[in-house]
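Shown next, in structure tokens, is the structure this report addresses.
Note that these values count all heavy atoms, side chains included, but never hydrogens, waters or copies made by symmetry. Read the numbers this way: they start at 1 and go in the same order the structure lists the ligands and their atoms. Quantities reported herein were computed from a predicted structural model and do not represent experimental measurements. Position 1 is the first residue of the sequence, and the numbers go up from there.
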Amino acid sequence: MKKHNFNAGPSILPREVIEKTAQAVLDFENDGLSLLEISHRAKNFQPVVDEAVALFKELLDIPEGYSVIFLGGGASLQFCMVPFNLLEKKAAYLTTGVWAKKALKEAKGFGEAVEVASSADANFTYIPKNFTIPTDADYFHITTNNTIYGTEILKDLDSPVPLIADASSDIFSRPVDVSKYGIIYGGAQKNLAPAGLTFAIVKDSLLGKVSRHIPTMLDYRTHIENGSMFNTPPVLPIYSALQTLKWLKNNGGLSAMEKKNIAKANLLYDAIDSSKIFVGTAKAEDRSRMNICFVLKEEYKELEDAFQKFATSKGMVGIKGHRSVGGFRASTYNALPIESVQALIEAMKEFERNN
Ligand SMILES: *Cc1c(COP(=O)(O)O)cnc(C)c1O
């Protein structure tokens, strides 16, 4: 049976990305060696990194003065790398979920870290508005898409201080005005590549301003100056990321991706809104296009396991909500075809008819 992959992360990748990665593992560029057994400094690997960086810049229209680097450690390591490199006196954070909270917690170890607003009062089902960003902060940190709760900041905010964004789960889902950001970072395993790769888009002029000693590996400048080759980078996921970037370009770039993502999200949200038994959990105006969260209405709650089983029997994978939220979550990343959304809606409707 065809599987519809709604996993939240690691998650669906374009089939051709997986096939090209598999091919490179067997025989990298018909060279008689596997991608897994060559040096990261091999003559034919350097172009992979160079092309991936160039496509990052092209697809996101990254202006001069920014560097793109590939790292390990996940988005979680960035939670401490950001304050390590940027926090001298004070940093500001917007708390929109568990990942945002974890980022704030790390910053507290480096100086004053203030929460400008939080949506914890409603289990992070909305994005706080009308907050004031302190103008004396070294930076303001946001999480653009809250993977667990299905909320998303869909416009590029104006900030009087450098804006730092964890964009792990919505990078490349829409065009972004990079000039409004100081750093955009994320784990690659949601919308870009297999697990093991972290990307960071860093405004060079922000660096070198803190007085503390920064360990070499945690200093952005190390990786910028060495073209992500200071030490061995995650070779295989970088190769896969390059294939995804090519796929994005061949499929119309980020404007086309955004249109498809809007179409998929609207389709599913409309089905949820018109359902008698399901209801969405995120506030309508803050709904994510990447992670669509819904639950059974109170009077149908006892059907939760039954729907989970029914959906699984119809080929749905990964629709169980995060353990801290419950209910259901359909992740609709770039690579998810609209046919999978239609199949999920069919399953929801059929289940509703039967119950
Ligand atoms: C998944 C996720 C993380 C954690 O990423 P790791 O690479 O596992 O550290 C952080 N932030 C957001 C928004 C995420 O979706």
Any side chain to side chain donor-acceptor pair (under 3.5 Å) involving residues 292-315? Give me the pairs, sequence neighbours left out, ordered by first then second residue.
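Applying side chain to side chain donor-acceptor pair (under 3.5 Å) to every pair that reaches into residues 292-315, excluding sequence neighbours, yields Lys314-Glu350.
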For residues 261-284, which residue pairs qualify under side chain to side chain donor-acceptor pair (under 3.5 Å), counting only residues two or more places apart or in two chains?
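Qualifying pairs: Asn261-Lys264, Asn261-Asn334, Asp273-Arg287, Ser275-Glu352.
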List in chain and number order the residues that pass ring pair (Phe, Tyr, Trp, His ring centres under 6.0 Å) with Phe230, two or more places apart in sequence or in another chain; answer none if no residue qualifies.
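Phe230 satisfies ring pair (Phe, Tyr, Trp, His ring centres under 6.0 Å) with no other residue.
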[X]/[Y] aromatic ring centres below 6.0 Å:
| X | Y | value |
| --- | --- | --- |
| Tyr93 | His141 | yes |
| Phe307 | Phe328 | yes |
| Phe199 | Tyr185 | no |

Can you give me a line-by-line list of nitrogen or oxygen pairs between ligand 1 and the protein shorter than 3.5 Å?
unit_1, atom_1, unit_2, atom_2, d
ligand 1, 7 (O), Ala75, N, 3.0
ligand 1, 7 (O), Gln189, NE2, 2.9
ligand 1, 8 (O), Gln189, NE2, 3.3
ligand 1, 9 (O), Ala75, N, 3.2
ligand 1, 9 (O), Ser76, N, 2.8
ligand 1, 9 (O), Ser76, OG, 2.6
ligand 1, 11 (N), Asp166, OD2, 2.6
ligand 1, 15 (O), Thr147, OG1, 2.4
ligand 1, 15 (O), Lys190, NZ, 2.6

